[in-house]
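A quick write-up on the structure given underneath.
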Number of protein chains: 2
Amino acid sequence: MQSVAATRETNAGNGLTERQGVVLEEALRLLVDGGEKALTTAGVARAANCSKESLYKWFGDRDGLLSAMIGFQASKVRTLDVAASALDAESLSRHLVVFAKDLLEVLSGDVSLALNRLAIGQASREGSKLGHMLQERGRRQIGRRAAALLEAGRKAGLLAFDDADEAYGALYGLVVSDWHLKMLLGEEAGEMKKGFGRKAEQAVSAFLTLYGKTV
Amino acid sequence: MQSVAATRETNAGNGLTERQGVVLEEALRLLVDGGEKALTTAGVARAANCSKESLYKWFGDRDGLLSAMIGFQASKVRTLDVAASALDAESLSRHLVVFAKDLLEVLSGDVSLALNRLAIGQASREGSKLGHMLQERGRRQIGRRAAALLEAGRKAGLLAFDDADEAYGALYGLVVSDWHLKMLLGEEAGEMKKGFGRKAEQAVSAFLTLYGKTV
DNA sequence: TGCGAACCGTACCGTACGGTACTGAATTGG
DNA sequence: CCAATTCAGTACCGTACGGTACGGTTCGCA
């Protein structure tokens, strides 16, 4: 990085320089590969070719680094808004299946699993600050996408529910079941990914049986 | 263990002396209170009034202690077998609701959450040995209870499903949804426990809509 | 050309943890 | 009453980590 013009925050509204983004990327790679234990300040500095002093200047302390990693990763995942096109029963079903597959893909991603493990590990102490961040910045996003989809389905007379949260909870549970926990516990994700398509279709079919208006 | 007479394993078939059981109990308390970071060998020794040397003699190393803790806790949770009584639609529903509530109670328990957090934290490295233990000794138990219940329902002509695992997956998902993850991430469990009853009934109702034979 | 800011690389410090070794007390069996 | 075993308590060692300080270098800027 050189002249301040080029160093200026190029990374959305994060207040992060691109150099810092590169460092966070490297830190995420370390976390994914070796878990929290591998995420040492010296290790990050070595991997990213920066000095520990810079790390502390940019992120304050180790916890600040962790928070920045979660915020950084969340900022990269933009949930595309559903084009509120006219829905019929068939297109709603297709949209739901796509959503279900995306959900499974996101939850089984390397970085997602690593960050969830990190936040869960820190949940006992420290008031679960990271847990709230992950919940807010991650789940809320995909939850909004689902809520919009469900609401559109209801507006189109294709779905019937009183409580949108309850309906979303059912959809989430049918799609994810205990797969997420199994993956967090270390079950090989590679073997399970093949079943995502079938699982998504089954879950959506069941969800429509519960909440669909069409017979 | 020495003269084998006085020190004999009094704790089921675990090969554990009762003294060792007390130590593990204390270790679990430390883990629940302060997370993995609080579970130091010196801390356990101090809390349990034993020497570090004894800890290493009994459990080998720190990982052995962790494994022993999981095995010890699992050995205390005995899943009562369902009395294969004659089922009608109403009693099946009641049994399912009880199962759902028990499931939520177990998953939201202090020790369960702490051990799951511990195993998840260790999942990245070490081939997730603890994760498999937890999966095998914990989930398998309650899964068997559910499988027996579902099978009884099918035998009685009250449930219709081809794949028992799939049906159980749906039941689990409808009951638990994302509550488990939220609690693992540090969401206050106290506030949520009030909703367990309603949640269980809703989930069972939905499950019977999907897999019940009675109209 | 000289100044200052940012930064890399490394050395350093205090601490805390896992694991081992030793000592003295208690208990047991003969 | 004595010898043997176990164990608590403590001291100790090596290591690794979080955090800080410093020398040297690059680069923009005047």
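No hydrogens, no waters, no symmetry mates; every other heavy atom, side chains included, goes into these values.
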- For B:Arg19 and D:dA8, is the shortest distance between a side-chain N/O and OP1 or OP2 below 4.0 Å? yes
- Item | N/O (side chain, A:Trp58) to phosphate O (OP1/OP2, C:dA6) under 4.0 Å | no
- Message: At 10 degrees resolution, what angle do the end axes of the helix from C:dT1-D:dA30 to C:dG30-D:dC1 form when each is taken over five base pairs?
- Response: 10°
Between [atom2] on [N] and [atom1] on [X], what's the gap in Å once rounded to a whole number?
X	N	atom1	atom2	result
B:Arg46	D:dC7	CZ	C1'	18 Å
A:Lys37	D:dT15	NZ	C1'	12 Å
A:Leu55	D:dT20	CG	C1'	13 Å
B:Glu18	D:dT6	CD	C1'	16 Å
B:Gln20	D:dA8	CD	C1'	15 Å

- Query: How would you list all residue pairs meeting side chain to side chain donor-acceptor pair (under 3.5 Å) that involve residues 175-187 of chain B, not counting sequence neighbours?
  - Reply: A:Arg139-B:Asp178
Set of side chain to side chain donor-acceptor pair (under 3.5 Å) partners for [X], sequence neighbours left out:
X	value
B:Glu151	B:Arg154
A:Glu26	A:Arg29
B:Glu53	none
A:Ser54	A:Ser51

Within the sub-3.5 Å range, which N or O atoms of nucleotides 18-21 of chain C have a protein N or O partner, and how far apart are they?
unit_1: C:dG18; atom_1: OP1; unit_2: B:Arg62; atom_2: NE; d: 2.7
unit_1: C:dG18; atom_1: OP2; unit_2: B:Thr41; atom_2: N; d: 3.0
unit_1: C:dG18; atom_1: OP2; unit_2: B:Thr41; atom_2: OG1; d: 3.2
unit_1: C:dG19; atom_1: OP2; unit_2: B:Tyr56; atom_2: OH; d: 3.3
unit_1: C:dG19; atom_1: OP2; unit_2: B:Arg62; atom_2: N; d: 3.0
unit_1: C:dG19; atom_1: N7; unit_2: B:Lys52; atom_2: NZ; d: 2.8
unit_1: C:dG19; atom_1: O6; unit_2: B:Lys52; atom_2: NZ; d: 2.5

- Query: Who passes ring pair (Phe, Tyr, Trp, His ring centres under 6.0 Å) against A:Phe207, sequence neighbours left out?
  - Reply: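 Ring pair (Phe, Tyr, Trp, His ring centres under 6.0 Å) check on A:Phe207 returns A:Tyr211.
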For a quick test of your reading: what N or O donor-acceptor pairs under 3.5 Å do the side chains of residues 62-69 of chain B make, sequence neighbours left out?
unit_1: B:Arg62; atom_1: NE; unit_2: B:Leu39; atom_2: O; d: 3.4
unit_1: B:Arg62; atom_1: NH2; unit_2: B:Leu39; atom_2: O; d: 3.1
unit_1: B:Ser67; atom_1: OG; unit_2: B:Asp63; atom_2: O; d: 3.2
unit_1: B:Ser67; atom_1: OG; unit_2: B:Lys129; atom_2: NZ; d: 2.8

- Message: With a 4.5 Å cut-off on side-chain heavy atoms, are A:Gln122 and A:Ser128 touching?
- Response: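 A:Ser128 does not reach A:Gln122 side chain to side chain.
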